[in-house]
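Throughout, protein chains are lettered first and strands after them, A, B, ... in sequence-line order, and every chain is numbered starting at 1.
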Number of protein chains: 2
Amino acid sequence: MSTIGKALTLLDAISRLEKEAGLSDIARHCGLDKATARRFLVELEKHGFVEQDMETRRYRLGGAPVRLARIRETRFPYLSVATPFARELASLTGETVHLSEHAAGRLSTIHVEDSQRAHRVIVDIGSILPFHATASGLGFLAFCAQKDIDAALSVPLQAYTDQTLTDPTALRQTLGETLRRGYSICHHGLETGVVSVAAPIRAPGSLPVGAIAVAAPSTRAEKETVEQMGRAVMATARRISERLFGLEQVAADPLARRAG
Amino acid sequence: MSTIGKALTLLDAISRLEKEAGLSDIARHCGLDKATARRFLVELEKHGFVEQDMETRRYRLGGAPVRLARIRETRFPYLSVATPFARELASLTGETVHLSEHAAGRLSTIHVEDSQRAHRVIVDIGSILPFHATASGLGFLAFCAQKDIDAALSVPLQAYTDQTLTDPTALRQTLGETLRRGYSICHHGLETGVVSVAAPIRAPGSLPVGAIAVAAPSTRAEKETVEQMGRAVMATARRISERLFGLEQVAADPLARRAG
DNA sequence: AAGCTAAGGTTCAAATAATGAACCGAAAGA
DNA sequence: TCTTTCGGTTCATTATTTGAACCTTAGCTT
C-alpha cells in the first residue's frame, strides 16, 4: 500500500477510536511501527487532520476536515437538503432516522435524527453501515450496478447477529425484492431487536449517493408498521433525490449541453 | 516534503479550485508531475477524499471529509453551538456574520450567516482568512501567545488593498489595541469598502480555537456603528466560548482529576 | 480528412523517501 | 527502588516514489 494510503488508513483508525489515543495505541491499532505512526501523525497534524493535546500528548481528529466538508456541502448540499426531510420522517414515524453517504466504497452515517421515545434505537454518527447487514446497505446496494453488487458480496460477510444474512444467494434474492418493492427491510441484521427500512438517494438511472433509513425496536415493528415506515422512507428518499438532482438538472443541463 | 504532505497539499488545492478540475490542470496547479498527481488522486479517491466524474474525467472533492467532520462535531460541537449565536448576531446587526476555525495554522471560514440586505458583504465558505488583513485574523492573533504572533508576522504579508497593514510594528500595535479592547477592527484589509469586527472564541487562558466576525460595507460603518458591532461580536464570542468550554470544564474536570 | 495539439493515462530505470530496530529520558506501577 | 511502558528520536537499510517518454483518444485547425 502507498504511504498516502497508509496515512489515510491511520486517519480512519483515529476517527473510529472513541476519544483521544496515545501514540503506541494508535501504532498498535494500525499495525504500524511507532516511528512510522509518529511521522504520519506529525504530517497529518501539520495539515490539521489530527490534533495533539499538549498536556496528555494524545492525538485526536483535527479541524481540517470541517473546512473540506463545508466546501463540499456548498457544491453538493446533501446534508442541508436531506436533514429537514429526515427530521420530518422522524417526527412522522416517531423512530430514529439516519442518513448515510457513500464514499470510499463504504456507507457512512452522517446524520441522525433521534426518536423522542425512551425506548429507541441509537445510531452513532460516523458509523460504517455494512452492505449486507443493514437496511441502508441493502437499500443502497439494490439500486447499484450488477458489478457493484458482485463486488460487495464477494468479500467475507460477517454475521453480526445469529440472524444476519451472509449467504450471497439469499442476499441477491433480498436485493431483488428490495428493488421491486422500492425500499429495503432488515431484521436484526446488525443488532438483535432492531428492525429497519431504507431507501436510496439517487439521480434517476444513476448510482445512489447514499440512503435514508428508519430504525425501530422490533417490539414496535409489526408487519403493517414496517410497511408504513417503508413507504414513508421511500417517499422521503424520492423527495430528497428530486430536490438534489431534479432541480440541479434543470439548471445544469443547458450548460452541459453547451460544453458538450 | 513528505509524500503525505504533498498529497494533502494537492487535496487543499482541489478544495480551493472552483468546481471540478482536470488532471493536467491539477498537476500544473500543484507543481507536480502529471503521473505523480494521478497517483495521488487515485489514492485519495480510494479513500473518498476526491471523486472523479466518470463522464468528464474531472476530479472534485469527495465525501470522506463529511464523515470526519461530523465525527469531530460530535466530539467538539463548534458549529452546532456557534451557529445559532451567529444567526442571532446577524439578525441583530443586519450584517453578514462569519465563523472561522483554526486548523493547520490557518483560519478557515466554516460558516456564514448572510445579511438580508441587498447591499451586503459576501464571504465564501472555505475561504482562508489572512491573519494580518482580516478582523478575524487580528482578533484571533491578538489573543495568541507571543511566539504565535511572531510566527504569523514573520512571513511575507501581502497587501490585498492599498490600505492593508503590512508593517509588523504597526500590526503589533493594532494587536495590542485589540487585546485591550476585546475585539478587532479591520478597515479595507482584504477588500476595499469592507469594514469588519471580530472576537476570538477560546477557553479562558488558552489558545483561541477560532473567531466570529461581522462584516459590513464601509458606507454603513460609521464610528459608532462599528463600536456597537464590536461590542456585540465580543459578547457573542464570549457566550459561545462559555457554552463550548464553560460547561465542558464542569463536566470534564472530575474525570481529568481522576485520571491525573 | 489529414494533421495538429492537448487531454487522460501508463511504464520502468533512476532517485529518493520510508522504514524499524535500537535507543533515550520521563513517568507511572509494582 | 526496580521495572515497565510511555512518547519520542536516530540512522543504516530497504522499498517506494518519481518523471521523462510513451500511448491513445478527443477536439481543433488547416
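- At least one side-chain nitrogen or oxygen of Tyr59(A) sits closer than 4.0 Å to the OP1 or OP2 atom of dG8(D).
- When the side-chain nitrogen and oxygen atoms of Thr36(A) are compared with OP1 and OP2 of dA18(C), none of them lie within a distance under 4.0 Å.
- With dC6(D), dT18(D), dT17(D) as the candidates, the nucleotide lying closest to the side chain of Thr3(A) is dT17(D).
- Within a 6.0 Å radius of CD in Glu45(B), more than 12 heavy atoms belonging to other residues, nucleotides or ligands are found.
- Here Arg238(B) pairs with nothing under the side chain to side chain donor-acceptor pair (under 3.5 Å) rule; sequence neighbours left out.
- Residue-level contact check: Gln52(B) touches the backbone only, with heavy atoms under 4.0 Å from sugar-phosphate atoms and none from bases.
- Under the 3.5 Å distance criterion, the side-chain polar atoms of Thr36(A) are left unmatched by any main-chain donor or acceptor of Leu32(A).
- Atom CD1 in Ile110(B) sits 9.0 Å away from atom CD1 in Ile125(B) (nearest 0.5 Å).
- Proximity note for Arg57(B) (side chain, C-beta onward) versus dT19(C), dC6(D), dG8(C): the nearest is dG8(C).
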Scan nucleotides 9-13 of chain D against the protein and return all N/O pairs shorter than 3.5 Å with their distances rounded to 0.1 Å.
| unit_1 | atom_1 | unit_2 | atom_2 | d |
| --- | --- | --- | --- | --- |
| dT9(D) | OP2 | Arg38(A) | NH1 | 2.1 |

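- Here the side chain of Lys6(B) is nearest to one of dT18(D), dT19(C), dG7(D), namely dT18(D).
- Using a 4.0 Å cut-off between a side-chain N of Lys or Arg and a carboxylate O of Asp or Glu, Asp12(B) and Arg67(A) qualify as a salt bridge.
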